[in-house]
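As the structure is a prediction and not an experimental result, all values here were calculated from the model. Just the heavy atoms: all of them, side chains too, but no hydrogens, waters or symmetry mates, feed the values below.
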Amino acid sequence: MALVSMKEMLIHAKDNGYAVGQFNINNLEFTQAILQAAQEEKSPVILGVSAGAGKYMSGFKFIGKMVRALIEELDITVPVAIHLDHGASLEECVQAIHAGFTSVMIDGSHLPLEENIALTKRVVEVAHAVGISVEAELGRVGAQDSGVITNPEEAYAIPAECEQLVRETGVDCFAPALGSVHGPYKGKPNLDFDRMSEVLELTGVPLVLHGGTGIPTDDIQKAISFGSAKINVNTENQIATTNAVREVLESKPNLYDPRKYLGPAREAIKETVRSKMREFGSSNKATESREKVSVL
């Protein structure tokens, strides 16, 4: 199947009580592993691409071509979206769209509400004109790994502001900051489910849970029940691949062929993704969701 927008994919997930995983790609092996896991699990999947990963992999245009080539070579038939993760500007979102991405996130969460709305609205106008889905964010998702720990009381999104942003911009899905963080958690995650439920009721759109690594399964299931139809995972895959490489090189210190340690790393990512798809409930949902998505 060709690449698709996230819009119908996430609506189907929200309406049917499961979530689609966004798994960030950092190199060829990540991309291969995630696509193969999705095909084997018969799960729709979202490939997340940050600006940093885009630069590392030689640019958005290369990534778009690489993903399309892998879909063809690996005979991937499940719905796949390429999504710009935390786009910083209208220009960056346009670059991703021109490179063949099928979805973009514009992150104006650091801006005052009115400026966030204005920026998001411009991105939506451009993206929707060519059938590309848009994600927005409000509040501040913390970052454990960078040492920037956002104060939850200051970071949590305000439900009334969430409703205003979604209503005035027309975004397809929405990420309210409700206590999750990027990177490994220090202590137990503290998600505000009462606010999550209120945001869903006020906005009606599929919600996005950033910082999916390390959140207990019970909390994941509760978040899904409150409309979290997209869950982002990156750190867990990075840890899995690094552990696999370390294990191989520690057991074979004279090994120099990168295929001999990147191959096991790829398998570790694949197993992690398969596990997450089962946890999110997206396994065996590709046939159902495929009937609902618009091919790009």
Under a 3.5 Å distance rule, please check whether Ser133 uses its side chain to pair with a backbone N or O of Ser5 as donor and acceptor.
no
Does Asn27 offer a backbone N or O that forms a donor-acceptor pair with the side chain of Thr31 under 3.5 Å?
yes
Short side-chain to backbone donor-acceptor contact, Ser251 and Glu247, under 3.5 Å
yes
Please step through side chain to side chain donor-acceptor pair (under 3.5 Å) for the pair Glu267 and Gln36, ending with a clear verdict.
CA-CA 10 Å; Glu267 290 304 309; Gln36 288 172 337; over 6 Å; no
Charged tip of Lys285 within 45° of Tyr18 ring normal and under 6.0 Å:
yes
Are the side chain of Ser197 and the backbone N or O of Phe193 linked by a donor-acceptor pair below 3.5 Å?
no
Closest approach of Gly100 and Leu3, non-hydrogen atoms and distance?
O-CD1, 4.5 Å
Nearest heavy-atom pair of Leu165 and Leu138: which atoms, and what distance?
CD1-CD1, 4.3 Å
Is a donor on one side and an acceptor on the other found under 3.5 Å between the side chain of Asp85 and the backbone of Ser50?
no
Going only through I, L, V, M, F, W and Y residues with side-chain contacts under 4.5 Å, is there a path from Leu90 to Val49?
yes
Cationic N near anionic O, under 4.0 Å, Arg122 to Glu125:
no
What one should report as the nearest heavy-atom pair of Leu209 and Ala223 is CD2-CB, 4.1 Å
Backbone N or O of Gly263 within a donor-acceptor pair of the Glu29 side chain at under 3.5 Å?
no
Tell me every residue that passes side-chain hydrogen bond (donor to acceptor under 3.5 Å, both in side chains) with Thr217, counting only those two or more places apart in sequence or in another chain.
Glu279
side-chain hydrogen bond (donor to acceptor under 3.5 Å, both in side chains) partner of Ser103, chosen from Glu135, His83, Gln22
His83
Heavy-atom donor-acceptor pair, Asp172 side chain to Val134 backbone, under 3.5 Å:
yes
Regarding Arg246 and Glu250, does a basic nitrogen lie under 4.0 Å from an acidic carboxylate oxygen?
no
Any heavy-atom pair between the side chains of Val124 and Val171 that's under 4.5 Å?
yes
Co-members of the apolar cluster containing Val245 [side chain, <4.5 Å]
Val248, Leu249, Leu255, Tyr261, Leu262
